[in-house]
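Every number for a ligand or one of its atoms is a count from 1 in the order of the listing. No hydrogens, no waters, no symmetry mates; every other heavy atom, side chains included, goes into these values.
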Amino acid sequence: MSTKTTVDNFSIHGNAVSEVCDIPLSVVNRPIPSQLDRAKVEEMKTILQTDTKKDDLTPIDIHHVEYKGQDYYFAFGGCHRWAAHKELQKETIKGKLISTPPSVINTYLGSSSPFRET
Ligand SMILES: Nc1ncnc2c1ncn2[C@@H]1O[C@H](COP(=O)(O)OP(=O)(O)OP(=O)(O)O)[C@@H](O)[C@H]1O
């Protein structure tokens, strides 16, 4: 017999980072289009608009890349939290910054990566 353990809010990247930042949505690149469950987005919007609950949503993971003296920010998951913030026209979203080498973004984005050397 096996026992299945469910871990809420686990992030292989974010669990190693304790600091949570308010990150402007305008600086974050989201290269992968989201497939959204509309009901979930609406539920999250309600949470964000409820003073006693608005901090219930966990921070999203945001990859921070420093490349040739410039800062780049990427998010791949957190699709529903992102959509809820966007639709409410929030300026910022709570996130954990994951310091990420450009080569890792190259792995995700291949030839679409801005860090590919020609
Ligand atoms: N109904 C809810 N009430 C409170 N917190 C919620 C609720 N739904 C989700 N959350 C919180 O939001 C976090 C993220 O949820 P979830 O992984 O489902 O969405 P997402 O990461 O924004 O989207 P996706 O996983 O599609 O990229 C959960 O870990 C949980 O803390």
Colleague: Tell me the contacting part of E43 for ligand 1: side chain, backbone, both, or neither, using a 4.0 Å heavy-atom threshold, strictly below.
Modeller: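 E43 to ligand 1: side-chain contact only, backbone stays beyond 4.0 Å.
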
Colleague: How far apart are the closest heavy atoms of R30 and S34, and which atoms are they?
Modeller: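 That would be NH2-OG, 3.9 Å.
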
Colleague: Search all heavy atoms of K90 against all heavy atoms of L48 and return the closest pair with its distance.
Modeller: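 For K90 versus L48, the nearest heavy atoms are NZ-O, 4.2 Å.
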
Colleague: Can an N or O of L57 be found at a distance shorter than 3.5 Å from an N or O of ligand 1?
Modeller: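 No; every N/O pair is 3.5 Å or more apart.
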
Colleague: Would you call W82 and L25 a side-chain contact if the rule is heavy atoms closer than 4.5 Å?
Modeller: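 Yes - at least one pair of side-chain heavy atoms lies under 4.5 Å apart.
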
Colleague: Any salt bridge between R38 and E43, counting N to O under 4.0 Å?
Modeller: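 Salt bridge absent between R38 and E43.
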
Colleague: Any atom of ligand 1 sitting under 4.0 Å from a heavy atom of K40?
Modeller: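 K40: in contact with ligand 1 (<4.0 Å).
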
Colleague: At a non-hydrogen distance cut-off of under 4.0 Å, which region of K53 contacts ligand 1 (side chain, backbone, both, or neither)?
Modeller: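 Near ligand 1, K53 shows nothing, with every heavy atom at 4.0 Å or more.
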
Colleague: Would you call E42 and K45 a salt bridge, taking side-chain N to carboxylate O under 4.0 Å as the test?
Modeller: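 Result for this pair is yes, salt bridge flagged.
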
Colleague: Using a 4.0 Å cutoff against the non-hydrogen atoms of I47, which atoms of ligand 1 qualify?
Modeller: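 Those of ligand 1 that fall under 4.0 Å from I47 are 1 (N), 2 (C), 3 (N), 4 (C).
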
Colleague: Is it the side chain, the backbone, both or neither of I60 that has a heavy atom closer than 4.0 Å to ligand 1?
Modeller: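 No part of I60 comes within reach of ligand 1.
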
Colleague: Quick one: which of H80, Q35, R81, M44 has a heavy atom closest to atom 21 (O) of ligand 1?
Modeller: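 Nearest option to atom 21 (O) of ligand 1, by heavy atoms: R81.
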
Colleague: Evaluate C79 for polar contact with ligand 1, using N/O atom pairs at a separation under 3.5 Å.
Modeller: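 N/O-N/O distance below 3.5 Å exists for this pair.
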
Colleague: Numbering the atoms of ligand 1 from 1, which are under 4.0 Å from a heavy atom of G77?
Modeller: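 Checking each atom against G77, I get 27 (O).
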
Colleague: With a 3.5 Å cut-off and no angle check, do the side chains of H80 and D37 form a donor-acceptor pair?
Modeller: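 There is no such pair (donor and acceptor under 3.5 Å, judged by atom type) between the side chains of H80 and D37.
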
Colleague: Step through it carefully: locate the ring centre of Y108, locate the ring centre of F74, and say whether they are under 6.0 Å apart.
Modeller: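 They do not qualify: ring centres at least 6.0 Å apart.
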
